Number of protein chains: 2
Amino acid sequence: MVEQADVLRRTPLSRDRILRAAVALADGTGIESLSMRNLAQDLGVVPMALYKHVANKDELLDGMIDVVVGEIDPPVPDTGWKPTLRLRILAARRMLGRHPWAALAIESRNTATPGVLAYLDSMVGVLRAGGFSTDLAHHVMHAMGSRILGFSQELFDASRRAGRSGATGPEPAATFPPEAAGRFPHLAEIAGAASHDGGSVVAPGCDDQFEFEFALDLLLDGIERLHRQGWTSARHHRPDHVVGPG
Amino acid sequence: MVEQADVLRRTPLSRDRILRAAVALADGTGIESLSMRNLAQDLGVVPMALYKHVANKDELLDGMIDVVVGEIDPPVPDTGWKPTLRLRILAARRMLGRHPWAALAIESRNTATPGVLAYLDSMVGVLRAGGFSTDLAHHVMHAMGSRILGFSQELFDASRRAGRSGATGPEPAATFPPEAAGRFPHLAEIAGAASHDGGSVVAPGCDDQFEFEFALDLLLDGIERLHRQGWTSARHHRPDHVVGPG
DNA sequence: CATGGTGAGTGTACGGCGTACACCTGTCAA
DNA sequence: TTGACAGGTGTACGCCGTACACTCACCATG
């Protein structure tokens, strides 16, 4: 025991070890309970020791983001831009499933980390290789937005809840209490409409993965259509904002 | 002077007055510097006085959200679901322009506020009135996600920056420092590609409003297509996740 | 071997945060 | 007149990030 703790304490701190411990801590107890003090304690070290390896908490978060973004599977060479993008976005989504805190963390930062930039750059590369003009690729990247990193972009994302990850089972309807059904009839009507009557779905709630892929494919199909039509912003962009794929 | 302060102090506190002051404070100095202490000081009152009217800071934030969501123009009756949705979403976006902190605040909360639920309910109502099945309306609401509240859904939203709102002019490229251009060639190529060569655009950066409407119309057009085709999840939802609008 | 610089880890402290809890005080019904 | 009560106050606790001065092991150099 003492020996093991001793070994732990003797293992030298390093930026890498700190980042890995921070990711593990955030995975386990949620990002909101990731404090420099908790992290230091996990590492068997005094809080201020961390500051020899990371500038401050913001930089720590940036590092954590790059760690998890680096986990996203690289793009697999495929027949075209569309399946390549699709598969990689689904891979990013799997990463977010492992690190539910990452979405909010990335969105809260005001500046892009190198890892995120590298990811985005490679995604643009896929588009360009698929024959997209710089113009269209630009607008497509904006239109995809955070979805290109696998974000669900739902208003109330169950997996985003800051508390303990994993086993968020008990309350699928926590965001829509039953007593509100009367005041919001359309929502109530909609809520159970994920009847999934075609499949053997067990849960009464809706299938997150299905909703994600539905939205993703809706977007990708629209993009493909624009690409085939040779869409160009020159024909649509007007100062009075009569715009759009129309 | 003393008299005015006295009048201020004499004006009884109320939940409403607190919420309005909180919104004004967040608008002015950013959500991150909205503390119970600062807010109390603005109101000429001691911090703990606030707790007679709001349960805690989370409930305060919920109240603030409902205040600003209530500012969104009501839906204007129109020829159909598409322009109605479009106009109201653009109205929501204008609200977010006035209250840049609101997007992050709404996304960070894990439970829907009554105001947000009312907004969503009315949007579902528009879809249903437009002839959407409960099934399709359900999936459409998921696919729109936070965009239905006017969220840009961009990864690095300039207006989301927590600091001072307004006059964020000086650094449009803060998220993409020029020294990174070499390491991210595709991004560099894309960055300037918002050439807008068809219009009289002044700024070299891209036009947020254009990008937003581009993405919105891409989505709405796709939805319209599904609607016309009588899309139903029964034909697409399979347990093995071969899904999508295809 | 002595020495002195260097850098990792430590200890203390400060100002801020949300908020529990006991307290005062002005108002108003009985 | 009184006594309950609601709204505002003061103090205090335990968190937070982190500035700053420190100890001390290590190692290149004399």
Side-chain angles (χ1 to χ4, degrees), chain A residues 2 5-23 25-26 28-65 101 104-105 108-111 162-164, chain B residues 2 4-23 25-26 28-65 101 104-105 108-111 162-163:
Chain A
V2 172
D6 214 37
V7 167
L8 271 180
R9 198 171 305 117
R10 211 173 291 276
T11 308
L13 226 45
S14 73
R15 183 181 165 86
D16 222 64
R17 210 159 80 86
I18 290 175
L19 291 183
R20 279 203 307 272
V23 167
L25 185 54
T29 70
I31 189 90
E32 75 201 9
S33 65
L34 169 73
S35 69
M36 301 303 270
R37 287 167 151 94
N38 285 344
L39 178 55
Q41 186 170 347
D42 271 24
L43 287 162
V45 108
V46 94
M48 288 311 293
L50 304 176
Y51 288 88
K52 298 290 181 185
H53 300 94
V54 299
N56 48 47
K57 192 177 181 183
D58 273 8
E59 210 224 37
L60 174 78
L61 285 171
D62 282 350
M64 293 169 65
I65 288 170
W101 49 269
L104 203 54
S108 305
R109 315 230 49 67
N110 51 13
T111 169
R164 271 218 157 284
Chain B
V2 171
Q4 190 181 356
D6 212 36
V7 167
L8 272 181
R9 197 171 306 115
R10 213 172 287 278
T11 308
L13 226 43
S14 74
R15 183 181 165 86
D16 221 63
R17 212 159 79 85
I18 290 175
L19 291 183
R20 279 202 308 271
V23 167
L25 185 55
T29 70
I31 189 90
E32 74 201 7
S33 66
L34 169 73
S35 68
M36 300 304 270
R37 287 167 152 94
N38 285 344
L39 177 56
Q41 187 171 347
D42 271 25
L43 287 162
V45 110
V46 95
M48 288 312 293
L50 304 176
Y51 288 88
K52 298 291 182 184
H53 300 94
V54 299
N56 49 46
K57 192 178 182 182
D58 273 8
E59 210 224 34
L60 174 77
L61 285 170
D62 282 350
M64 293 169 65
I65 288 170
W101 49 269
L104 203 54
S108 305
R109 315 229 52 67
N110 52 12
T111 170

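Chain letters run A, B, ... following the sequence lines, proteins first, then strands; residues in each count from 1. Just so we're clear, the structure is a prediction, and the values are computed from it rather than from any experiment.
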Any N or O donor-acceptor pair linking the side chain of B:Arg37 to the base of C:dG16 at under 3.5 Å? no
Specify the separation, in whole Å, of atom CG of A:Asn38 and atom P of D:dG14. 16 Å
Kindly compute the distance separating CG (A:Leu13) from NZ (A:Lys52), expressed to the nearest 0.5 Å. 11.5 Å
To the nearest Å, give me how far apart CE (B:Met48) and P (D:dT11) are. 14 Å
Whole-Å distance separating the CG atom of A:Asn56 from the P atom of D:dC16: 17 Å
Is the closest side-chain heavy-atom distance between B:Leu61 and B:Ile31 below 4.5 Å? yes
Rounded to the nearest Å, what distance is computed from the CG atom of residue B:Leu43 to the C1' atom of nucleotide D:dG8? 13 Å
What integer distance in Å separates B:Met36:CE from C:dG18:P? 7 Å
Spacing of B:Arg37 atom CZ and B:Met48 atom CE [to the nearest 0.5 Å]: 9.5 Å
Rounding to a whole Å, what distance do you find between A:Tyr51:OH and D:dA21:C1'? 17 Å
Gap between atom CD1 of B:Ile18 and atom CG of B:Leu50 - 0.5 Å precision: 5.0 Å
Among C:dT10, C:dT19, D:dG17, which nucleotide sits nearest the side chain of A:Ala49? C:dT10
For the side chain of B:Pro47, starting at C-beta, report the closest nucleotide among D:dT18, C:dT19, C:dG9. C:dT19
Using a cut-off of less than 4.0 Å, is there contact between a side-chain N or O of B:His53 and OP1 or OP2 of D:dG8? yes
Could you tell me the separation between the NZ atom of A:Lys52 and the P atom of D:dC24, rounded to a whole number of Å? 15 Å
Send over the distance from B:Arg17 CZ to D:dG7 C1', rounded to a whole Å. 13 Å
